[in-house]
Structure formats: C-alpha cells, structure tokens
Amino acid sequence: MPLTLDTEGANLLEYLVRIVPLVDPSNLNTFPTYSGVHAALGLQMAGRTWGDSLDRQGMGSLANWAKDAGYPSITGFIVDGERKQPADGYFKFYGKDPDADGAWWLSEVAKSKVFPWPQRAVATKIASHASNKRPEPGKC
C-alpha cells in the first residue's frame with residue numbers, strides 16, 4: 001500500500017492539479033517557481049531556500065507518496081526561478097542526473113498533466129485514516 005499523503009502534501013497536490021492547464025512543457029516560463037508556490041500556498045519560510053522550505057511543507061511528502069504509488073512526478077512542475085528546472089535534489093530523489101536527464105523530467109511533467117490525480121477528499125481521508133491507526137497490542 002502506498003504511503004499516505006499528509007495535509008500539506010494534499011494542499012500542494014490540489015494546487016498543482018489546479019494549475020496543470022497553465023504548465024506547458026515546451027515553455028519553461030509557464031512553470032511555477034519554488035518561491036511562487038510558497039507564496040501561493042501562504043507558507044512561512046521553514047528552510048534555508050524556498051525549495052528546502054517547500055520540501056518540509058508538503059513537497060517532500062507529495063514526492064514520496066507519488067513515487068511510492070507509481071504516479072508521475074508532479075513535483076517536477078516546480079522549478080528554480082533562475083535555472084528553470086527543478087533543484088538537483090529532485091533529480092537525485094529519482095536516481096537521475098540534473099545535467100543529463102532533462103528529457104526524463106519533461107516526460108514526467110507531460111505524464112503528470114494527463115494523469116487522473118486522486119481528489120483531495122480521497123488523499124486526506126487516506127492520510128487521516130492512517131494517522132488514526134493504533135498499533136496492535138504487543139506489536140510496539
């Protein structure tokens with residue numbers, strides 16, 4: 001069973017799914033930046049960089065959840081404002097090279113645009129159900 005998606009990850013997923021029509025893999029200027037997503041979600045800075053902060057506030061859990069479930073990498077929508085590609089950590093998370101695997105990244109973006117993402121209610125229900133589970137006696 002895939003990892004659960006926490007509330008912060010579900011918020012980020014909801015935002016990314018909402019902007020899917022705006023992201024054009026052939027035009028890197030249409031991709032949201034780490035700082036732009038941070039601002040759109042009204043998050044406080046919680047890291048040394050915008051990406052670091054976003055990673056701690058939903059992006060990390062969304063990436064883990066999507067990877068574990070075998071879903072496309074929707075977090076690849078979010079790019080560094082200057083480099084116009086995700087941070088190196090994004091590529092390394094998937095065992096890819098940031099300098100050599102740009103085509104892979106853009107294919108993940110294209111897959112994410114057409115993927116039937118679960119509705120927010122489903123994602124948060126899964127997360128809250130998992131957090132309500134209590135260990136069985138003697139299984140601690």
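From a predicted model like this one, the values you see are computed outputs, not experimental measurements.
A distance-only check finds a donor-acceptor pair linking the side chain of K113 to the backbone of V20 [under 3.5 Å]. Without hydrogens or angle criteria, W105 side chain to G76 main chain gives a donor-acceptor distance under 3.5 Å. Of the possible donor and acceptor atoms, none in the side chain of S35 sits under 3.5 Å from a partner among the backbone N and O of W50. A distance-only check finds a donor-acceptor pair linking the side chain of Y34 to the backbone of A87 [under 3.5 Å]. Side-chain atoms of N64 come within 3.5 Å of backbone atoms of G60 as a donor-acceptor pair (strictly under, hydrogens ignored). Distance alone, capped at 3.5 Å, is enough to place a donor-acceptor pair between the S53 side chain and the A46 backbone. The backbone N or O of Q44 sits less than 3.5 Å from a side-chain atom of Q57, completing a donor-acceptor pair. Looking only at distances, no side-chain donor or acceptor of E108 sits under 3.5 Å from a matching main-chain atom of P72.
A salt bridge between D88 and R83 is present, with a side-chain N of the basic residue lying under 4.0 Å from a carboxylate O of the acidic one. Classification of D52 and R56 as a salt-bridged pair holds, one side-chain N sitting under 4.0 Å from a carboxylate O.
For W104 and Y90, the ring centers are positioned less than 6.0 Å apart. Y71 has its ring centre less than 6.0 Å from the ring centre of W65.
Of all heavy-atom pairs spanning F91 and D97, the tightest one is CD2-O, 4.0 Å.
Judged by the 6.0 Å distance and 45° axis criteria, K67 is positioned over the aromatic ring of Y94.
S61 pairs in a side chain to side chain donor-acceptor pair (under 3.5 Å) with only one of the listed residues (D6, D55, T4), which is D6.
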